[in-house]
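Since the structure comes first, as structure tokens, the remarks are kept for the end.
Lettering follows sequence order; numbering is per chain, from 1.
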Amino acid sequence: MADLMQFVLTGITVGLVYSLIALGFTFIWKSSSVANLALGQMVLLFSWIAYGTMEQAGLPFWAGLPVTIAAAAGLGWVLERVVLRPLIGQPILSLITVTLGVAFLFEGLVAMFWPISTAAMPDFIPDEPVQILGAVVSQEYLWAAGIALVLFILVSIFFRYHKMGVAMRATADDQMAVWACGIPVTKIFSVSWMFAGALAAIGGVLMSSIGGITHGLVETGLKSFSVVILGGLDSFLGAIVAGPIIGLAENLGGGYLTELTWSGVKDVIPFIIIVIVLFIKPYGLFGQERIERI
Amino acid sequence: MLKLNNIEVAYLNVIRVLHGVSLSVPDGQIVTLLGANGAGKTTTLKAISGLLHVEEGDVTDGNIEWNGERIDRKNAEYIGRLGIVQALEGRRVFEHLTAEENLLVGAFHRKDRKEVKNDLEMVYNYFSRLRNLRNNTAGYLSGGEQQMVVIGRAMMARPKLMMLDEPSLGLAPLMVDEIYSIIRRFNEEQQTSVLLVEQNVRIALSIAHYGYVMENGRVVLDGTADFLKNNEDVKEFYMGLSAVGKRKSYRDVKHYKRRKRWL
Amino acid sequence: AGCDDNGGGQTTAPTSTVKQPLKIGIMYPQTGVAAAKGQPMAAGVLDAIKYINEEKGGVLGHQIEVISRDNGYDAAKATTIINEFISSKALLFTTQASAMMSVVMGIANEASLPGFTVFSAPSITQPAKHIYAQMPDYGDGWAIFADYYMKNVWKGTGKPKMALMLLNNSTGYGAKDAADKLAATMGIEIVAVEEHTSTTANEIEALTRIAAKNPDVIFISSTPQPTSIIVKGIRDIQATGKFAGLTIGCGHASYTSQLVDLAGAAKVEGVYGVFPTVSWGENVAGMAKMTEYVNKYHPDFKNNMDYITAWAEGLLIAKILETAIQNTPGGAANLTPANVEKYGFQMLNYDVEGLHGPVKYTPGDNRLSKGMRVFQVKSGVITAISNWINAAYIDYGLK
Amino acid sequence: MSGGLPCGTRNFSYAADMAIFRTKTHWALLIIGLIVLFTAPLYLSVYWLGVVNLIGITIIAATGLNLLTGYCGQLSVGHAGFIAVGAFTSAVLTSRLELPFLVALPAAGLLAGGIGIIFGVASLRVKGFYLAISTIAAQIIIIWVINHLSITGGFLGMSVPRAEIFGITFRSPQSLFFLIMIAVVIVIFFAKNLARTRIGRAFVAVRDNDLAAEVMGINLFRYKLIAFFIGCFLAGIAGSLTAHWIGFVSTEHFSITDSILYVGMIIIGGAGTTLGPILGAVAIRLLQQGVTYISTPLAGIDWLPPGFTAGLAPFTFGLVIVLFLVLEPRGLAHRWNLFKASYRLWPFSY
Amino acid sequence: MTGPAEQTAVETEKAIEKPVIVSLKNLTLSFGGITALKDVSVDIRANEILAIIGPNGAGKTCLLNCLNGFYKPQKGQILFEGKNITRIRPDRAAQMGLARTFQNIELFSGLTTLENAMAARHVFMKQNLLTGGIYFGPAHVEEIRHRRIVEDIIDFLEIEAVRHHVVATLPYGMRKRIELARALALEPKVLLLDEPMAGMNTEEKEDIARFIVDIFEGQGETYPDTPVLRDGVRAIVLIEHDMGVVMDLADRIVVLDFGRKIAEGTPEEIRNNPQVISAYLGESATR
Ligand SMILES: Nc1ncnc2c1ncn2[C@@H]1O[C@H](COP(=O)(O)OP(=O)(O)OP(=O)(O)O)[C@@H](O)[C@H]1O
Ligand SMILES: Nc1ncnc2c1ncn2[C@@H]1O[C@H](COP(=O)(O)OP(=O)(O)OP(=O)(O)O)[C@@H](O)[C@H]1O
Ligand SMILES: [Mg+2]
Ligand SMILES: [Mg+2]
């Protein structure tokens with residue numbers, strides 16, 4: 001019973017960390033229908049930038065974090081400007097592939113400037129774990145989970161009510177028609193990539209305060225893809241709900257199935273779930289269905 | 001007052017589509033642009049609204065003036081802020097947004113929140129059907145309803161010049177009448193100039209003040225609506241009326257065409 | 001007709017010595033996923049050979065000519081590279097890790113080209129063919145730790161209960177193979193085997209299940225980052241009163257200063273580990289030269305453990321060639337890959353200037369050095385607590 | 001699929017209009033091309049022969065992915081997983097069961113194709129990026145299973161005997177070259193024909209407009225499965241050849257990065273053209289060589305940061321992909337066709 | 001496909017009573033809260049052009065979608081030549097002889113005109129993976145045979161000039177015609193046309209009208225090898241908002257409004273039906 005509690009608690013908090021990263025994906029998707037496969041690499045690069053500002057340049061946390069976020073937003077802006085803007089209106093596969101190119105590019109940058117390959121983020125969250133009903137969770141996870149929830153609420157409100165958010169959703173539907181309304185699509189793209197960069201930076205700092213800055217951040221990016229798929233690509237609610245579901249599946253599945261199957265089943269369970277769920281709900285739990293009319 | 005002076009347009013620097021088009025839209029008037037498929041009507045509208053640049057097209061010669069200011073080198077955003085909006089052909093609603101959100105996107109540039117609220121009300125007054133559908137997903141609306149959304153969206157920008165591309169496409173006759181009467185009302189009440197592209201020549205000339213006929217990228221005929229309505233060529237080729245003023249039957253067309261082909 | 005300099009690599013220019021140069025092949029993953037390891041290693045071995053060629057005048061007057069190639073940790077590339085080594089008549093070759101050696105050893109064995117790999121799995125040396133291992137493998141690491149634990153740490157009665165936390169590749173499972181083979185005879189009961197990925201962010205779930213089994217000792221065979229996650233997880237769970245009196249041991253793939261950085265000194269305090277080389281600054285014969293070179297040419301790799309292994313590898317290559325020339329009938333003129341193996345590898349007896357366990361070939365056992373030392377983190381510093389312990393040959397029955 | 005006809009060439013029968021090689025020049029170019037290709041062992045070094053072999057195998061796998069993704073529009077980011085299925089099938093059959101290579105090769109294709117069909121069932125309802133992720137899931141599940149089966153050697157991988165056909169053992173890079181190139185030529189021929197006939201048209205119909213395709217009598221599910229089968233079948237064949245070429249298989253060699261790279265190849269080359277995967281495979285593999293080539297001498301430059309060369313590879317790689325796409329978003333094959341068009345119209349370019 | 005014996009049968013049919021080919025009985029279709037069709041019954045008879053008209057959103061397209069299996073009605077029955085095809089798969093419906101064009105052009109944009117039509121011949125072909133991949137042999141013969149038929153259709157619709165053009169870049173009117181060609185290539189028994197003339201000017205409408213009439217009547221020996229052109233189709237269902245076209249071409253008209261059938265009859269009857277006038281035609285159309 002205590003074990004169950006532990007699995008549930010770990011599952012939910014870890015899952016919310018996946019959600020945190022997933023929000024950045026959904027943001028781009030909702031505003032421009034671009035699947036950003038460089039997400040993991042963005043998280044990695046921005047974590048290193050955080051390391052650079054705080055550990056290497058020696059800025060205190062309260063100064064280092066804003067600098068990192070600003071740098072990340074700036075990079076997002078550059079990315080949109082140089083890479084994505086020329087591809088507006090091109091086949092969607094080309095857009096996906098170009099983000100793959102960006103992924104390689106970022107990995108290269110990381111390897112060039114931080115060849116040490118792993119490092120610890122400066123400590124800014126207390127070390128002592130927290131105990132809840134006999135289960136234990138480290139404060140780092142609680143912080144990350146809490147921030148994920150706050151960001152979720154913020155971006156949801158932004159997209160639902162802010163006119164920029166609404167325009168972003170319109171852009172994802174039909175760029176040409178948005179142009180025709182005299183709305184600067186390019187500005188919308190810039191802004192959404194800047195936001196996405198900032199989100200990735202926040203996610204990166206929190207993630208790497210948990211497990212250090214390593215290439216594993218890229219893999220977490222991969223896992224967050226399964227989160228957005230499960231939740232529905234265009235749904236923040238989906239991302240925030242699906243993260244804990246994946247986390248729970250990992251932990252409960254690992255907790256009770258490992259004995260019955262091979263070890264390491266924990267790492268494939270999310271993907272098995274995805275295949276099954278997609279079969280029943282092809283657009284994820286909260287995704288909008290494609291409007292199929294002829 | 002919009003003026004196009006002898007503009008030429010080419011796509012991708014090679015495909016020349018317009019060969020010297022001149023027209024003007026005086027303030028507060030409805031001007032219609034008629035012509036066959038591929039004549040370059042849509043291209044003309046895009047040249048005005050600046051959307052051409054998005055499609056790798058360019059105004060290679062001539063100029064476009066809006067109240068004396070040259071706008072053919074300006075981008076779509078700037079032109080949009082001047083109060084020139086275009087409703088694209090083919091009911092391009094934002095499918096996943098609700099009808100009301102679609103309308104609000106039209107008002108993106110406006111800062112006067114109160115006024116936007118009032119205008120929303122105005123659009124619902126024009127298109128009473130939309131009022132009930134305001135929270136429905138636009139992608140599932142019927143064709144006519146989507147057309148209303150598109151026109152309403154253009155109205156929400158409080159444009160000085162509204163350009164409508166084939167608003168009657170695929171609409172039921174009653175709906176065509178309705179939309180056209182709304183366009184006329186809007187023009188009269190708001191003093192908005194309208195540039196109207198149409199295939200349905202009869203209805204377009206019924207509300208327009210002035211008209212231009214385009215063919216192969218050139219303006220071949222222009223005149224007041226009454227002049228055009230009574231022009232024999234317009235009657236024959238665009239309204240399908242024979243010399244006597246009666247419409248030919250589509251069943252008979254076949255034989256007429258065949259004969260023409262063998263001759 | 002092939003030309004030699006086509007693979008995109010550099011060959012060290014032969015100097016004006018009259019004696020023919022000795023050609024060897026080295027492939028490291030200088031790019032790709034394992035570049036972080038491959039780069040310092042390539043630096044180490046090339047620096048050592050530079051030292052031998054320039055300061056010691058080569059091997060008995062012969063310059064060592066290195067064909068150094070980047071395999072990018074990629075099987076297809078490695079395959080083309082080994083073919084190139086063979087066709088350019090290299091006398092021996094080396095790789096960094098078992099993954100790449102597994103790929104190329106079939107071709108190398110067919111061509112009777114001897115070679116060794118720095119980090120290895122038993123499947124490379126068992127059965128013994130033309131391929132050697134520079135250092136003990138991950139199974140040996142487990143065996144040495146288990147032996148030390150039984151003799152010096154375990155104070156309870158009955159069999160100690162051990163849990164294994166394994167990385168999901170040959171590093172992790174190497175330890176499991178040894179445990180499967182030896183635990184029973186050593187009097188250790190394996191109560192849990194858990195697998196994780198190299199990129200895991202949380203292992204609380206596996207640890208919770210392990211905690212239910214009340215282990216006395218946990219052995220982690222993995223790399224630094226996951227190990228730090230696991231150690232932190234253990235410490236978190238200990239806050240609830242579980243895992244009291246638990247001993248933590250680490251395999252050598254993870255037991256570096258990086259682990260201390262990532263987990264935090266407080267969390268790794270007291271953790272045991274094994275390691276097959278000396279540390280920087282230890283007082284051994286080869287330390288001064290190596291430190292001089294690293295400072296001069298690769299200051300970034302100062303304190304990097306892989307540089308030490310690779311520097312030792314360079315010394316070892318020179319020693320093998322020297323032994324081969326001395327013992328081959330007819331000397332250097334008759335050097336062939338077969339002779340290098342017969343008279344070089346198998347007659348080797350070398351202390352590697354104290355940089356890692358002494359090397360001596362035992363027939364049938366293709367591990368060159370067999371020793372590791374046991375360490376413990378004390379006040380945040382990894383401190384040696386034993387002398388070189390030799391791992392006995394474990395017969396895994398591979399064929 | 002109108003081929004490039006020089007100005008003034010006309011066809012007088014449908015058969016002639018449908019032929020791929022229509023003029024004497026076409027045929028001459030084809031024959032010269034084949035001769036140049038098959039005499040490569042005479043003038044290429046062992047190293048470059050190895051590179052060419054790798055390119056050949058890559059072309060086979062990329063062609064499979066192109067049929068699935070480029071033609072049928074089913075984005076798959078799990079191709080390396082299916083290649084792994086082929087590689088391990090062939091390895092197990094030839095080394096554990098000691099079956100001949102000529103049995104193992106098609107068996108590898110069939111099993112990979114079969115497993116492709118199983119995961120393809122997901123494509124019945126799932127589209128686009130959703131499908132892409134479920135193919136990533138396929139790869140992860142496949143690799144996990146292979147890692148935990150004892151017959152495949154688990155994490156250690158297993159060695160694979162040399163391919164042998166009618167007593168000829170393919171051991172040297174030269175002999176392997178012929179084996180692989182013959183397979184490449186057959187696969188390209190097959191894919192080209194498939195693409196221009198009934199099934200290929202149905203694939204494109206499904207890709208361009210699945211709803212209309214269904215209403216036009218094309219059974220969506222069936223064709224998606226066929227596409228998965230044939231795409232994964234070719235992956236399996238490529239896997240089998242890889243296994244026998246290298247002589248060793250391990251799951252480490254079939255990573256998501258590889259899968260992603262394959263997608264990159266067909267996009268850079270030009271998805272939905274026969275030429276695309278060929279150009280893409282050649283471009284990416286040569287790029288890898290080029291990066292290796294420049295990074296080794298750069299590693300000797302002391303004043304560069306130590307990570308410079310390690311980072312250079314992915315950096316250049318990413319940069320080239322980005323530049324390619326920004327400058328030619330429709331792929332190399334598109335550029336090539338434009339070039340051909342201008343040649344065709346020459347000297348009247350308008 | 002159709003032999004001479006059957007052809008005479010067709011002729012005699014024309015002379016006497018028009019039998020029902022497709023019969024839709026009491027169809028009800030809804031999406032969530034929206035009811036698109038409510039208890040609609042329509043018969044499609046041999047040798048007639050049946051027009052379906054109604055305001056936007058009345059459910060006309062939905063009716064066609066039900067007919068060829070794209071939508072599955074919640075209630076009701078569809079009989080095609082006596083067989084129940086109510087919840088048939090769309091591709092099966094196409095194979096049975098129901099081909100259509102679409103309200104918004106739905107071509108295979110990456111294929112050429114020729115290939116678009118050949119793609120529709122798919123249902124008549126027998127190639128499989130192996131013969132297709134090998135090509136030389138049965139596949140070659142088959143390709144040539146079907147190419148002949150498709151070329152006839154292309155010739156008939158006067159789109160020879162764009163035969164090898166990828167359709168995405170062609171003008172609107174041309175693409176509408178290619179859609180028609182593709183539908184004809186399926187050799188339908190019943191041809192369903194959803195607003196084939198929307199967005200066209202009078203001249204282009206006349207062209208399409210001519211094609212419709214010609215397809216309906218059959219071209220006889222002008223195209224001896226292509227049954228669908230030689231013999232014509234058995235019935236055409238036409239959705240169109242241009243009343244001139246509808247009144248001239250249709251033999252019978254069905255009017256839908258808000259998912260219900262509100263009238264049915266000859267053009268003359270419909271023109272003067274007050275309910276139709278108020279719901280659909282409006283005053284201007286009666287002028
Ligand atoms: N983006 C483009 N690139 C190249 N050519 C184009 C492009 N857009 C339009 N054209 C060509 O320009 C010509 C005029 O097109 P346009 O859309 O302006 O005609 P239109 O009068 O609006 O016709 P319709 O009545 O069919 O809407 C056509 O021949 C068309 O093929
Ligand atoms: N897939 C769908 N999901 C939800 N509602 C739908 C769907 N398809 C159609 N509808 C609704 O069904 C009703 C009938 O639509 P339909 O397309 O049949 O109209 P129509 O008579 O063809 O109109 P138009 O003349 O504008 O084409 C509309 O209210 C439409 O919004
Ligand atoms: Mg137009
Ligand atoms: Mg409709």
ask   = For A:Ile188 and A:Ala167, which heavy atoms make the closest approach, and how far apart are they?
value = CD1-CB, 3.7 Å
request  = Among the options B:Ala87, B:Ala76, B:Gly80, B:Gly139, pick out the one with the most heavy-atom pairs lying under 4.5 Å from chain A.
outcome  = B:Gly139
note = Closest non-hydrogen contact found for A:Ile246 with A:Pro270 is CG2-CB, 3.7 Å
note = Whatever's closer than 4.5 Å to a heavy atom in chain B on A:Val178 counts as both
ask   = Would B:Val9 and B:Thr60 satisfy side-chain contact (heavy atoms from CB on, under 4.5 Å), going step by step from the backbone distance to the final call?
value = CA-CA 6 Å; B:Val9 167; B:Thr60 52; 5.9 Å; no
remark   = Tightest non-hydrogen contact, residues B:Val31 and B:Ser24, listed as CG2-O, 4.0 Å
task = Determine, step by step, whether B:Asn63 and B:Asp72 satisfy the side-chain hydrogen bond (donor to acceptor under 3.5 Å, both in side chains) criterion, reporting the C-alpha distance in whole Å, the side-chain angles of both residues, the deciding distance to 0.1 Å, and the verdict.
result = CA-CA 6 Å; B:Asn63 61 57; B:Asp72 49 296; 6.0 Å; no
remark   = Under 4.5 Å to a heavy atom of chain A? For B:Ile79 that would be neither
query = Between B:Leu34 and B:Thr32, which heavy-atom pair has the shortest distance, and what is it?
reply = CD2-OG1, 3.5 Å
key: chain A interface, residue from B:Leu88, B:Leu51, B:Ile84 that has the most non-hydrogen pairs under 4.5 Å   = B:Leu51
ask   = side chain to side chain donor-acceptor pair (under 3.5 Å) with B:Arg73: which residues, sequence neighbours excluded?
value = none
Below 3.5 Å only, please: all the donor-acceptor pairs between chain B and chain A, one per line.
unit_1	atom_1	unit_2	atom_2	d
B:Arg92	NE	A:Asp174	OD2	2.6
B:Arg92	NH2	A:Asp174	OD1	3.2
B:Glu95	N	A:Asp173	OD2	2.8
B:His96	N	A:Asp173	OD2	2.6
B:His96	ND1	A:Asp173	OD1	2.7
B:Glu101	OE1	A:Arg169	NH2	2.7
B:Glu101	OE2	A:Arg160	NH2	3.4
B:Glu101	OE2	A:Arg169	NH1	3.3
B:Glu101	OE2	A:Arg169	NH2	3.0
B:Phe108	O	A:Lys163	NZ	2.7
B:His109	NE2	A:Gly182	O	2.5
B:Arg110	O	A:Lys163	NZ	3.4
B:Gly139	O	A:Arg293	NH1	3.1
B:Tyr140	O	A:Arg293	NH1	3.4
B:Leu141	O	A:Arg293	NH1	2.9

request  = With a 4.5 angstrom heavy-atom cut-off, could you sort out which part of B:Leu97 is near chain A: side chain, backbone, both or neither?
outcome  = both
request  = Please lay out, stage by stage, how B:Glu198 and B:Tyr180 fare under the test side-chain hydrogen bond (donor to acceptor under 3.5 Å, both in side chains).
outcome  = CA-CA 11 Å; B:Glu198 252 309 339; B:Tyr180 268 84; 2.6 Å; yes
